[in-house]
Amino acid sequence: MNSKTRQWLEADWDFGWHPFTDQSQWEQSEVPVIVRGKGVYLYDSEGKRYFDGNSSIWTNIHGHSHPALVAAIQKQSEELCHSSYLGLANAPGSELGRRLCGAAGMDRCFFSDNGSTAIEAALRMELQWRYQRGETGRRGFVAFENGYHGDTLGAASLGGVGRFFASIAGMGPDLTLARDLAKLEALDPERIAAVVIEPLIQGVNEMRPWPPGMLRKLREWCDRTGVHLILDEVMTGFGRTGELFACQREGVRPDYLCLAKGLTGGCLPLAATLTTAEIYEDFKGPGRTFYYGHSYTANPLGCAVALASLDLCEHQSFLERIRKGAEVMGETLAQLDELSLVKETRRCGMVAGVELVGDRQGAEGKEACLRLRGLGLLTRPILDTVVWMPPLASSEEELREMGELFVQALQ
């Protein structure tokens, strides 16, 4: 270990506090210190190269240091790094709102900072919308068991993962957890404002896809009952599932569409909550102002790089490459299914989970990820399910190399 690596690790051990991490096990742990990224690779301070096997926690789309994204940030930084969005507009924010609404088939765009705040904004909008219409009985939300929608109090209150959210249970909005659509039929819709779901596949629930057609049926239930539909596409948005947005695979238009992670191609924090004209129009006039926002709302740097990312997403080859990449990943998963250590593999587009045989306490998943790291592939487990969510820019050859490392590690 070189002196700079040692210096950085010691500063981390002494002063850092990492998310979703048992700090008692972290301190004195010699982990890679990442100093550079290029394409699908990350490089540590010791000069070792790794595949970014989970897209830097599901954010990276086009690869690290993509020249078009770097150029967009550099150009914008020379003109304007930040200006308040309260009482002012900025050019990248205006253009990005127009582009996002057009791509998603929505009408209005509200910017924030991350996936949690995108969900938080949707909850606040929905509760205020119901209040302004005198629908005071519709204050509850429905979410799905084992779902995850963020860490701010309102977003976390929708979570169905006990180990994450038990300490704040009951502190947020009224919540009903449902296992499937059958549970919804037994509920009184006059007490429900909205239902929230990760479309097509649940992420933190060990990468578990929903049954085909489920999202379309949920939209029909919402239309029939007057309940609004909030789609959490923080993970699935921007091509992950083979369409620009997951809801487009089943032809569903939500009432709120929440976006973050891949919005800027994995470069800068930025989020957006898209909604309909019907909802937006009810916030006009005295006493109807939406009092919610952040200091860095519509940050010009973030919006500029998001526009450059959208340019890349709209290229004809973008979705074609993802669909082919998903097929290549499927070939590796078929190999893994033959191994005795593998209980099940699951995939939706270029989102995959490899569930290992274990006691579901996470020991097998952690060990597998440590073996993968030693072989040059970085990812994280969810309990005993190893996540494989590479950058969407990964070539077929790179995906096959990653697949070979998976097979080698698990064998």
Side-chain angles (χ1 to χ4, degrees), residues 104-106 110 115-131 133 135-150 152-161 165 169-170 172-205 208-237 241 245-260 273-276 278-279 282 348:
M106 303 294 283
F110 186 90
S116 299
T117 57
I119 293 289
E120 200 83 19
L123 301 183
R124 292 277 294 271
M125 286 177 186
E126 177 63 14
L127 289 173
Q128 185 171 333
W129 189 83
R130 297 288 181 182
Y131 173 80
R133 293 169 63 87
E135 298 178 12
T136 54
R138 286 186 180 256
R139 307 291 289 175
F141 291 90
V142 176
F144 288 86
E145 292 182 5
N146 298 310
Y148 175 90
H149 300 286
T152 53
L153 185 60
S157 70
L158 303 174
V161 184
F165 305 124
D174 292 338
L175 176 69
T176 299
L177 285 176
R179 181 182 297 274
D180 50 33
L181 293 183
K183 175 66 179 288
L184 298 185
E185 297 294 348
L187 301 178
D188 177 7
E190 295 302 318
R191 300 182 63 82
I192 301 171
V195 59
V196 187
I197 189 172
E198 300 164 88
L200 300 191
I201 183 169
Q202 285 185 311
V204 173
N205 189 17
R208 295 186 187 276
W210 292 109
M214 184 268 202
L215 186 63
R216 164 50 52 191
K217 292 177 181 177
L218 178 57
R219 175 73 271 183
E220 292 169 356
W221 180 84
C222 289
D223 291 340
R224 189 170 70 249
T225 58
V227 173
H228 280 153
L229 177 60
I230 301 173
L231 293 189
D232 178 350
E233 291 229 29
V234 171
M235 176 188 77
T236 59
T241 66
F245 302 110
C247 59
Q248 292 172 337
R249 279 184 56 173
E250 296 195 3
V252 168
R253 183 181 191 245
D255 300 290
Y256 302 89
L257 182 64
C258 301
L259 306 171
T273 303
L274 308 185
T275 191
T276 65
E278 178 190 12
I279 291 170
D282 214 54
C348 179

Participant: Quick check: do L215 and L231 have side-chain heavy atoms less than 4.5 Å from each other?
Facilitator: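 When only atoms from C-beta onward are counted, L231 and L215 do touch, with a gap below 4.5 Å.
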Participant: Of all residues at least two apart in sequence or in a different chain, which pass the side-chain hydrogen bond (donor to acceptor under 3.5 Å, both in side chains) check with R179?
Facilitator: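 Once residues adjacent in sequence are excluded, the partners of R179 under the side-chain hydrogen bond (donor to acceptor under 3.5 Å, both in side chains) criterion are E145.
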Participant: Say you draw a straight line from CG of L158 to CG of D232; how long is it, rounded to the nearest 0.5 Å?
Facilitator: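 Result: 9.0 Å between the selected atoms.
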Participant: May I ask you to test the L229-V252 pair for a side-chain heavy-atom distance under 4.5 Å?
Facilitator: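 Yes, at least one pair of side-chain atoms sits under 4.5 Å.
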Participant: I'd like to check the side-chain contact (heavy atoms from CB on, under 4.5 Å) partners of A246; sequence neighbours left out, ordered by chain and number.
Facilitator: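 Partners of A246 under the side-chain contact (heavy atoms from CB on, under 4.5 Å) test: P199, L200, E233, T236, T241.
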Participant: Is it true that a side-chain atom of T275 and a backbone atom of D255 form a donor plus acceptor pair closer than 3.5 Å?
Facilitator: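 Judged by distance alone, yes, a pair lies under 3.5 Å.
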Participant: Parallel under 30°, tilted from 30 to 60°, perpendicular over 60°: which one fits the rings of F144 and W210?
Facilitator: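 The arrangement is perpendicular - the two ring planes meet at more than 60°.
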Participant: Can you list the residues that meet the side-chain hydrogen bond (donor to acceptor under 3.5 Å, both in side chains) rule with E198, with sequence neighbours excluded?
Facilitator: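 E198 satisfies side-chain hydrogen bond (donor to acceptor under 3.5 Å, both in side chains) with no other residue.
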Participant: Applying side-chain contact (heavy atoms from CB on, under 4.5 Å), can you list everything that pairs with Q128, at least two apart in sequence or on another chain?
Facilitator: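 Counting only residues at least two positions away or on another chain, Q128 forms a side-chain contact (heavy atoms from CB on, under 4.5 Å) with Q132, F283, F290.
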Participant: Got a sec, which residues hit side-chain hydrogen bond (donor to acceptor under 3.5 Å, both in side chains) with T273, two or more places apart in sequence or on another chain?
Facilitator: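 Testing T273 for side-chain hydrogen bond (donor to acceptor under 3.5 Å, both in side chains), a comparison that skips the adjacent residues, returns none.
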Participant: Does any N or O in the side chain of E120 come within less than 3.5 Å of the main-chain N or O of A155, such that one atom is a donor and the other an acceptor?
Facilitator: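 Side chain of E120 to backbone of A155, a donor-acceptor pair under 3.5 Å: yes, one is there.
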Participant: Partners of D188 by side-chain contact (heavy atoms from CB on, under 4.5 Å), sequence neighbours excluded?
Facilitator: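 So D188 forms a side-chain contact (heavy atoms from CB on, under 4.5 Å) with E190, R191.
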Participant: Taking only Lys NZ, Arg NE, NH1 and NH2, and the carboxylate oxygens of Asp or Glu, determine whether E126 and R130 approach each other closer than 4.0 Å.
Facilitator: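 Salt bridge between E126 and R130, a charged N being under 4.0 Å from a carboxylate O: yes.
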Participant: Is there side-chain contact between K183 and T176, with at least one heavy-atom pair below 4.5 Å?
Facilitator: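 The answer is yes; the side chains approach within 4.5 Å.
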Participant: So, for I201 and C348, which heavy atoms are closest and what is the spacing to 0.1 Å?
Facilitator: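 Minimum heavy-atom contact is CD1-CB, 3.8 Å.
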Participant: Distance-only, no hydrogens or angles: does the R253 side chain make a donor-acceptor pair with backbone N or O of M106 under 3.5 Å?
Facilitator: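 No: the side chain of R253 does not pair with the backbone of M106.
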Participant: Quick one: pull up CZ in R249 and SG in C247 and give me the separation to the nearest 0.5 Å.
Facilitator: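 Spacing of CZ (R249) from SG (C247) equals 11.5 Å.
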Participant: Flag the pair D174 and R138 as a salt bridge only when some basic side-chain nitrogen lies within less than 4.0 angstrom of an acidic carboxylate oxygen.
Facilitator: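 Salt bridge flag = no for R138 with D174.
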Participant: Just so I know, are the side chains of C258 and I119 near enough to count as touching, which here means a heavy-atom distance under 4.5 Å?
Facilitator: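 Result yes, sub-4.5 Å side-chain heavy-atom pair found.
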Participant: Rounded to the nearest 0.5 Å, what separates atom NE2 in H228 from atom CH2 in W129?
Facilitator: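 The NE2 atom of H228 sits 4.0 Å away from the CH2 atom of W129.
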